[in-house]
Amino acid sequence: MKLNPLGDRVVIKPLEMEEVTKGGIVIPDTAKEKSQEGIVIAVGSGRLLENGTRVPLEVKVNDRVVYSKYGGSEFKDAGEEYLILSERDILAIIER
Amino acid sequence: MKLNPLGDRVVIKPLEMEEVTKGGIVIPDTAKEKSQEGIVIAVGSGRLLENGTRVPLEVKVNDRVVYSKYGGSEFKDAGEEYLILSERDILAIIER
Amino acid sequence: MKLNPLGDRVVIKPLEMEEVTKGGIVIPDTAKEKSQEGIVIAVGSGRLLENGTRVPLEVKVNDRVVYSKYGGSEFKDAGEEYLILSERDILAIIER
Amino acid sequence: MKLNPLGDRVVIKPLEMEEVTKGGIVIPDTAKEKSQEGIVIAVGSGRLLENGTRVPLEVKVNDRVVYSKYGGSEFKDAGEEYLILSERDILAIIER
Amino acid sequence: MKLNPLGDRVVIKPLEMEEVTKGGIVIPDTAKEKSQEGIVIAVGSGRLLENGTRVPLEVKVNDRVVYSKYGGSEFKDAGEEYLILSERDILAIIER
Amino acid sequence: MKLNPLGDRVVIKPLEMEEVTKGGIVIPDTAKEKSQEGIVIAVGSGRLLENGTRVPLEVKVNDRVVYSKYGGSEFKDAGEEYLILSERDILAIIER
Amino acid sequence: MKLNPLGDRVVIKPLEMEEVTKGGIVIPDTAKEKSQEGIVIAVGSGRLLENGTRVPLEVKVNDRVVYSKYGGSEFKDAGEEYLILSERDILAIIER
């Protein structure tokens, strides 16, 4: 199976993260949006600007990325779970 | 009967999917948007940009696509059910 | 009486549809927007783009169209009921 | 008294309509926006586009128009009631 | 004291109006926005368009205007009450 | 300490105002936004337009300004309280 | 580990602030947005304008900044907590 996302969409394979909740800094009285890590599986043709040009995405296949936990649509195939989200829901590329 | 969708609209025949709920990865504390698969039946003339040019759609008739479960309008004809949605509600073209 | 809709507005005469509810495919856990059919009675001068050009509408008088059930304004004349809606609420032209 | 509306504003004198509720077609399970008729009393200089040009309005003084019942601001003068609304709340010009 | 409003802002001295509620036409089942009259005290440099040009306001000092009752910010000075609002909240210039 | 606000941001030192509530005109049935006075401490580089040019702010350091009470973010330093807000939340420059 | 934020995103290391609540000026009846300080760890390639040009960010690595407490997404790595936010949530650069 191959997924070709449209426009500024990106297909992500979420990484299973161990829940990190060891004390640490706690910023009081804010309810921050959580982020999550994953691997880029496929990227769309780019964002279409109002002047008609298409801007290639900044992420590429195999990039490890941090994305907002509250964006995108789930897609399941053969028991695997993917996420299809707009590039604007991707926060950063992470190098480890 | 023939449906000619307007602008960036696309007519989809939804595929009946077996409900895949075998364990798998569960991303906790997020309520992800669900996706669905279907076949493209007809496509509109394209999205009209503010500069007056029309951009042809990225999907074409017979493409198998993944789309967001929460977009579009139902259309019924001869007992068959179709979905008319904007291309921005289509997430990816899928090749199996 | 003659109605000349403004801009991208379209006047529609709704068609009375028999309620089609014979089993068929039911897409679970989504509340899809319903569509409705009607005949185009009059069309406006077109949508005005921000660059000042007016784009003629894609629909024309006598087209049979599918439109979203939740758009537009009712207009009653001589016991007849019309709908005035923006072209963006029209989903497709239908040929039977 | 003379009212000179600004920009794309239009001054309307609402027409008193007999409440037409004789059976007729009832489109079930939709709550359509109601429309109302009135006479155009004054028009503004036109809508200002982002490129700096002003687009004259499509309606003119003495036009009989159909407008959305839920737009605009009331203005009272000498016991008379007027409506000042944006041209985008006017649906159509009506010729009887 | 002198107030120099910014951009498309306008300073208004509201006029005390006798509450006009003598019968008259009542448009049923609509909750219209109320309007109010006032005198223009000062005007800003104009609205800045996205192309970088500034468009002078249509109103000028001493104009008597009708404005929407639900826009703007109150400003009090020496027991006097002013309103600072965007030109888009001004509906019309009134000549009596 | 020096604060260099970004873009169209402005740093304001709020002025302590005596609460002026001596009778005066009361505009009934409106809940107007309150305004507040302050001194401009620092200004940003200007608003960035979509065409890529930066427009210098209309206010400058030491201007006494009226701003909307419900915009901006508080910033505290050495027991002093500042407000950082976008120029669009500043209503007028005041000369006394 | 290295984080390369996308577009107009910025990675921030929040500073632990002593809670400053010594009397001081209290502006009554407003619920101001709180601000917070942090150090810029990484910056994105810049904001993409609709004309296709990318505008470099105003902040750079090691800048000490004030940002709105209610923007951005948390990111945790090795027990450290970071914030990834859009440059528009950064209010000012602070020099101490």
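What you see is a predicted model; the values in this text were computed from it and never measured.
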Interface residues of residues 47-56 of chain D facing chain C - non-hydrogen atoms under 4.5 Å apart: D:Arg47, D:Leu49, D:Glu50, D:Asn51, D:Val55
To the nearest 0.5 Å, what is the distance between OH on D:Tyr67 and OG on C:Ser73? 12.0 Å
Which atoms form the tightest heavy-atom contact between D:Ser35 and C:Glu74, and what is the distance? OG-O, 2.6 Å
Applying a criterion of heavy atom separation less than 4.5 Å, what residues of residues 87-94 of chain D form contacts with chain C? D:Glu87, D:Arg88, D:Ile90, D:Leu91, D:Ala92, D:Ile93, D:Ile94
Pairing residues for D:Lys2 by the salt bridge (charged side-chain N to carboxylate O under 4.0 Å, His left out) criterion, not counting sequence neighbours: none
